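What you are looking at is a predicted structure, and each value in this text was computed from that prediction instead of being measured.
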Amino acid sequence: MLIVANIIKCIKIPTFVDLVPLNDLRGIQCIKVIWKHDVENSILLVMDSILKNTNLVTAIHAALSAGKSIMAIYKNDIAVEFKSDNSPLTLADKEANTIINAYLKPIGIPIISEENIQLEYGIRKHWKQCWIVDPLDGTKEFIKRNGEFTVNIAFVESGQPSLGVIYIPASKTLYFADAIAKLAFKAELENHNTSLENVISKSKQIFPKGSPSQHITIIGSQSHMTKETQGFIEAVKRDFTKVTLLTKGSSLKFCWLAEGKAHVYPRFAPTMEWDTAAGHAICNAVDIDIISQVTHTPLRYNKADLYNPSFVAAKS
């Protein structure tokens, strides 16, 4: 079985291509497409990145399945509970979490999820690897029905996110990245029940904006525009002739930053590790740094305290 046979049918291929066998992936014969005239190079990069990384493949499937469940609930009345910290919780949060755990647990790597019971740091500090998950990031946006909510799944190694998947169920838009390989992609899908082949065929490599000259675009939180953030914006205005401010909910801000819709994302309001880990990986894949405003170093994960400090995300 050729895993990319269907891809070849659904994209326009130049007249001359070479099909080169790759090593088997779990018993599945794979091929790599080499374009003769440097056409559609991004599909080649996607294949290499995805087919070699089973953790990324699993995270993509988990995010799509969770997104399908979320949207089934989104269509109906939304019952809301409140946690001890007064943050909202819905059936969509719970069901998405159950689905994602079902995908990730068989891999045997510990999971930190917003909706799981958190283990003591005395146990977690020994973890060299872990998953960090927000099954429904932007629950407030979900309740408002504005579409700006996401599924976030990150794989963390030695305190840094190496893989990231963010799925926007309302628009069926998927972002995913391998931060080590420095590859990040966006796929606009037709449905949640889609094959890996279809994800690959729809994927386009994303890149951030270049360094701003006179015009800078800042992206901020739709729900958490603090005085500190306003102060940051005012300081930036002194250095640029034009400042454009965009606002988005959930981890969409990282996605827009990574695909070049903004230059910088300042965050001076509370976030948790599961709010940022997947977006951090996607941004790192395109050389965007997420810098703590306390330590002036990149955010770290699986800390004793799962709260993040204030940070600024911008191209290095």
Completion exercise
By side chain to side chain donor-acceptor pair (under 3.5 Å), Asp93 pairs with (sequence neighbours left out) Thr90, Thr139
Exercise for the section: Verify, without hydrogens or angle tests, whether Thr241 (side chain) and Gln214 (backbone) share a donor-acceptor contact under 3.5 angstrom. Expected result: yes
Exercise for the section: Determine whether the side chains of Thr271 and Thr276 contain a donor N or O and an acceptor N or O closer than 3.5 Å. Expected result: no
Practice task
Starting from the C-alpha separation in whole Å, work towards a yes-or-no answer on side-chain contact (heavy atoms from CB on, under 4.5 Å) for Ile112 and Trp127.
Solution key: CA-CA 11 Å; Ile112 297 173; Trp127 298 350; 3.7 Å; yes
Practice task
First locate atom CG of Asp275, then atom CG of Asn308, and finally report the distance between them rounded to the nearest 0.5 Å.
Solution key: 7.5 Å
Practice task
Could you verify whether a donor N or O on one side chain and an acceptor N or O on the other, from Thr194 and Asn198, lie under 3.5 Å apart?
Solution key: yes
Completion exercise
Of all heavy-atom pairs linking Pro135 and Asn97, the shortest is CB-N, 3.5 Å
Handout entry: Salt bridge flag under 4.0 Å for residues Glu148 and Lys248
Key = yes
Problem - Note, Leu163 side chain near Pro161 side chain (heavy atom, < 4.5 Å) - result: no
Problem - Lys/Arg N to Asp/Glu carboxylate O, Lys83 vs Glu115, below 4.0 Å - result: yes
Problem - Heavy-atom side-chain proximity of Lys172 to His192 below 4.5 angstrom - result: yes
Problem - Trp131 side chain reached by Val156 side chain, heavy atoms, under 4.5 Å - result: no
Exercise for the section: Flag yes if more than 12 heavy atoms outside Lys140 fall under 6.0 Å of its NZ atom; otherwise flag no. Expected result: no
Handout entry: Donor + acceptor pair across side chains of Ser65, Tyr103 (<3.5 Å)
Key = yes
Exercise for the section: Find the distance between NE2 (His126) and CG (Asn302) and round it off to the nearest 0.5 Å. Expected result: 11.0 Å
Fill in the blank from the handout: In this structure, CG of Leu246 is separated from CD1 of Ile219 (nearest 0.5 Å) by 5.5 Å
Practice task
Measure the CG-CD1 distance between Leu91 and Ile73 for me, rounded to the nearest 0.5 Å.
Solution key: 4.0 Å
Exercise for the section: Only pairs at least two apart or in different chains count here, so list each salt bridge (charged side-chain N to carboxylate O under 4.0 Å, His left out) that has a residue in residues 251-273. Expected result: Lys186-Glu259, Glu259-Lys261, Glu273-Lys303
Handout entry: Within the 6.0 Å centroid threshold, strictly below: Phe268 and Phe311
Key = no
Problem - Path from Leu174 to Leu252 over hydrophobic side-chain contacts below 4.5 Å - result: no
Practice task
Evaluate the criterion side-chain contact (heavy atoms from CB on, under 4.5 Å) for residue pair Val264 and Lys315; output intermediate values, then yes/no.
Solution key: CA-CA 8 Å; Val264 60; Lys315 196 173 190 318; over 6 Å; no
Handout entry: Lys182 atom NZ, neighbour heavy-atom count above 12 within 6.0 Å
Key = yes
Problem - Derivation of the side chain to side chain donor-acceptor pair (under 3.5 Å) call for Thr150 and Ser251 - result: CA-CA 7 Å; Thr150 60; Ser251 59; 2.8 Å; yes
Practice task
Return the minimal non-hydrogen interatomic distance between Val286 and Ala184, and the atom names on each side.
Solution key: CG1-CB, 3.8 Å
Practice task
Would you sort out whether Arg124 and Leu306 count as a side-chain contact (heavy atoms from CB on, under 4.5 Å), showing the intermediate values?
Solution key: CA-CA 11 Å; Arg124 291 191 289 106; Leu306 295 174; 3.7 Å; yes
Practice task
Report yes or no: does Asp137 contribute a side-chain atom to a donor-acceptor pair with the main-chain N or O of Asp134 at less than 3.5 Å?
Solution key: no
Practice task
Answer yes if Tyr175 and Val199 sit in the same cluster of Ile, Leu, Val, Met, Phe, Trp and Tyr residues linked by side chain heavy atoms under 4.5 Å apart, and no otherwise.
Solution key: no
Problem - Check: Asp287 and Phe207 side chains under 4.5 Å, non-hydrogen atoms - result: no
Fill in the blank from the handout: Between Glu81 and Lys94 the two heavy atoms that sit nearest each other are OE2-NZ, 2.6 Å
Problem - Approximate separation, where rounding is to 0.5 Å, of Thr295 OG1 and Gln293 CD - result: 9.0 Å
Exercise for the section: Check the surroundings of atom OH in Tyr307: do more than 12 heavy atoms from other residues, nucleotides or ligands lie under 6.0 Å from it? Expected result: no
Exercise for the section: Please collect all ring pair (Phe, Tyr, Trp, His ring centres under 6.0 Å) contacts where either partner lies in residues 50-76, sequence neighbours excluded, each pair once. Expected result: Tyr74-Phe142, Tyr74-Phe149
Handout entry: Heavy-atom side-chain proximity of Tyr167 to Asn152 below 4.5 angstrom
Key = no
Problem - Check: Thr217 main-chain N/O paired with His263 side-chain donor or acceptor under 3.5 Å - result: yes
Exercise for the section: Decide yes or no for Phe254 and His280: does some side-chain heavy atom of the first lie under 4.5 Å from some side-chain heavy atom of the second? Expected result: no
Problem - OG1-CD1 distance between Thr58 and Ile100, expressed to the nearest 0.5 angstrom - result: 12.5 Å
Exercise for the section: Give the cluster check for Tyr301 versus Phe176: same hydrophobic cluster or not, with ILVMFWY residues linked at side-chain heavy-atom distances below 4.5 Å. Expected result: no
Handout entry: Asn55/Ile107 under side-chain contact (heavy atoms from CB on, under 4.5 Å): CA gap, chis, key distance, verdict
Key = CA-CA 8 Å; Asn55 283 338; Ile107 296 174; 3.8 Å; yes
Handout entry: Minimum-distance pair of heavy atoms, taken over all atoms of Val80 and Pro88
Key = CG1-CB, 3.9 Å
Fill in the blank from the handout: Ala59 and Val165 have their tightest heavy-atom pair at CB-CG2, 3.7 Å
Problem - Asn101-Asn116 side chain donor-acceptor pair, cut-off 3.5 Å - result: yes
Exercise for the section: Count the heavy atoms of every other residue, nucleotide or ligand shown that sit under 6.0 Å from NZ of Lys68, and state whether that count exceeds 12. Expected result: no
Practice task
Answer with yes or no whether the hydrophobic clustering places Ile218 together with Leu257; edges join I, L, V, M, F, W, Y residues whose side-chain heavy atoms lie under 4.5 Å apart.
Solution key: no
Practice task
With the side chain counted from C-beta on, respond yes when Ile291 and Val312 share a heavy-atom pair under 4.5 Å apart, and no when they do not.
Solution key: no
Handout entry: Min side-chain heavy-atom separation Glu188-Lys202 under 4.5 Å
Key = no
Handout entry: Whether over 12 other heavy atoms sit under 6.0 Å from Lys105 NZ
Key = no
Practice task
Compute whether any side-chain donor of one residue and acceptor of the other, for Ser162 and Glu157, lie under 3.5 angstrom apart.
Solution key: yes
Exercise for the section: Verify whether one side chain among His215 and Thr244 offers a donor that lies under 3.5 Å from an acceptor in the other. Expected result: yes
Fill in the blank from the handout: Nearest heavy-atom contact between Leu56 and Gly164 is CD1-O, 4.4 Å
Practice task
Establish whether Phe240 and Leu245 are linked, either directly or via other cluster members, by ILVMFWY side-chain heavy-atom contacts under 4.5 Å.
Solution key: yes
Exercise for the section: Using a cut-off of 6.0 Å, state whether more than 12 heavy atoms not belonging to Asp77 lie near its atom CG. Expected result: no
